[in-house]
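Order of listing sets the numbers, starting from 1, for every ligand and every atom in it.
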Amino acid sequence: MGPRLNGKSQQGHKMVIFAAIFVLMTLLILYGSNNVNESIHTPFHVAAHNIMKPTDLKRWAGRDGYVPFHGNKSMTLHCRDCALVTSSSHVLSSQAGSEIDQTECVIRMNDAPTLGYESDIGNRTTVRVVAHASVFRVVRRPNEFLHQTDGNSTIIFWGPPNKLGKEAKGTLYRFIQRVSMTYSNLSFFSIAANKMRKFDNLFYRETGRDRQKSHSWLSTGWFTMVIAIEMCDNIKVYGMVPPSYCGRLLPRKKPGPKKMPYHYYKPRGPDECQMYIQNESGRRGNHHRFITEKQVFARWAKLYNITFTHPKW
Ligand SMILES: *[C@@H]1O[C@H](CO)[C@@H](O)[C@H](O)[C@H]1NC(C)=O
Ligand SMILES: *[C@@H]1O[C@H](CO)[C@@H](O)[C@H](O)[C@H]1NC(C)=O
Ligand SMILES: *[C@@H]1O[C@H](CO)[C@@H](O)[C@H](O)[C@H]1NC(C)=O
Ligand SMILES: *[C@@H]1O[C@H](CO)[C@@H](O)[C@H](O)[C@H]1NC(C)=O
Ligand SMILES: *[C@@H]1O[C@H](CO)[C@@H](O)[C@H](O)[C@H]1NC(C)=O
Ligand SMILES: *[C@@H]1O[C@H](CO)[C@@H](O)[C@H](O)[C@H]1NC(C)=O
């Protein structure tokens, strides 16, 4: 018990408590309504970032995150220099092909072809990171993707553990396993379930947003960038625009930059900025947060010697 109070100071005491409660309630209401506003009106990436201590991705790595589809290979690839070739049409007319081919390791994504685009993006592939949704497109054209010029490339599949996990032994898993037995020159890995969870945690740590609660899907670009940081000392990224490239999200008054196809191999496909902006502000259903991801990449660039070219930034 505190000291006894006489009537007057007891009243003062009560006033102070009431005032404190009033201030607290006001703050709570303001905070709550801010959150509501944010979730209705604010594009995903503008939302407050409470970024925690940056994750040391080199230590975060760990070799056990990749499971071979066949045999007992382990993902031990390490490269001094890597070229990360994006699928954006910004790579077109870069004439960077021979520079890319001279890089120790070349990383590509999904079913982005090299055939017919060699002068801009080269013809070698060391690592290809493939989303579960692109598996069939990759495997259907083995000349393009599996008879690799490196003779010994690695293909890493990412996807929900219930589809790609070893334990699930689903159709997709068995399908890739058969392919991996046929192409014994190549190494096929899936990202393990615990590593998939780590990718979600990483997204939370870097953006302050829970991936599932914020209805976000990680992009193949996110997986590929992290894998590149794990395995490469230096990374040169081809064809990735900076996070601010597509302009302010809402409201959109000025016309954005010149239209550029989202994928270099689909010249009549959707516009890249439109794809980024629509995904970034999408609320119903799950969306990729391409712009938020690039903001994170920009931070990582300072920590892990990542440079960007075509466009340079
Ligand atoms: C991998 O498997 C081969 C036979 O399939 C075996 O000879 C080799 O010792 C194994 N390596 C490891 C590290 O388990
Ligand atoms: C092929 O790749 C594997 C794993 O990435 C590596 O251990 C092996 O040394 C490579 N072989 C050749 C001939 O480069
Ligand atoms: C790949 O490119 C190099 C030079 O850029 C060339 O010498 C080589 O023939 C090309 N290989 C294929 C399979 O196109
Ligand atoms: C496997 O690698 C060897 C040596 O690099 C090469 O001669 C052979 O053509 C490759 N096989 C396939 C199916 O790519
Ligand atoms: C950083 O990477 C670039 C290109 O990838 C390379 O030229 C440069 O030497 C690297 N710097 C350091 C400090 O490793
Ligand atoms: C989001 O991006 C994906 C491509 O990864 C695309 O298929 C989808 O249509 C986009 N969604 C919107 C709303 O633009």
Asker: Using distance alone, determine whether Gln274 and ligand 6 share an N or O pair under 3.5 Å.
Answerer: no
Asker: Determine, step by step, whether His78 and Asp233 satisfy the side-chain hydrogen bond (donor to acceptor under 3.5 Å, both in side chains) criterion, reporting the C-alpha distance in whole Å, the side-chain angles of both residues, the deciding distance to 0.1 Å, and the verdict.
Answerer: CA-CA 8 Å; His78 172 256; Asp233 297 337; 3.0 Å; yes
Asker: Is it the case that ligand 6 has an N or O less than 3.5 angstrom from some N or O of Tyr262?
Answerer: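 Yes, there is a polar N/O contact under 3.5 Å.
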Asker: For the residue pair Glu280 and His288, confirm or rule out a side-chain donor-acceptor distance under 3.5 Å.
Answerer: no
Asker: Give me the residue, atom name and distance of the protein heavy atom closest to atom 8 (C) of ligand 6.
Answerer: Asn279 ND2, 3.9 Å
Asker: Do me a favour and list the nearest non-hydrogen protein atom to atom 13 (C) of ligand 6 with residue, atom name and distance?
Answerer: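 Of the protein heavy atoms, His287 CE1, 3.8 Å lies nearest.
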Asker: Do Gln274 and Tyr262 have a side chain donor and acceptor closer than 3.5 Å?
Answerer: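 Short answer, no.
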Asker: What are the atoms of ligand 6, with element, lying closer than 4.0 Å to any heavy atom of His288?
Answerer: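 Within the 4.0 Å cut-off of His288, ligand 6 contributes 2 (O), 5 (O).
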Asker: If we check salt bridge (charged side-chain N to carboxylate O under 4.0 Å, His left out) with Glu230, which of these qualifies: Lys198, Lys58, Lys195?
Answerer: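 The passing option is Lys195.
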Asker: Counting only N and O atoms by type, is there a donor-acceptor contact under 3.5 Å from the side chain of Asn110 to the main-chain atoms of Ser134?
Answerer: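 Checked: no pair found.
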Asker: Among protein heavy atoms, which lies nearest atom 9 (O) of ligand 6, and at what distance?
Answerer: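 Ranked first by proximity to atom 9 (O) of ligand 6 is Met275 SD, 4.2 Å.
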Asker: Report the nearest protein non-hydrogen atom to atom 14 (O) of ligand 6: residue, atom name, distance rounded to 0.1 Å.
Answerer: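 Scanning the protein heavy atoms, the shortest distance from atom 14 (O) of ligand 6 goes to Gln278 OE1, 3.1 Å.
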Asker: If the cut-off is 4.0 Å to any non-hydrogen atom of Phe290, which atoms of ligand 6 fall inside it?
Answerer: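 Answer, ordered by atom number: 2 (O), 5 (O).
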Asker: Are any side-chain N or O atoms of Ser219 and backbone N or O atoms of Gly221, one a donor and one an acceptor, separated by less than 3.5 Å?
Answerer: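 It does hold such a pair.
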Asker: Tell me whether Cys82 and Cys232 have SG atoms closer together than 2.5 Å.
Answerer: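 Yes, Cys82 links to Cys232 through a disulfide.
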Asker: Strictly under 4.0 Å, does any heavy atom of Trp217 approach an atom of ligand 6?
Answerer: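 Heavy atoms of Trp217 never come under 4.0 Å of ligand 6.
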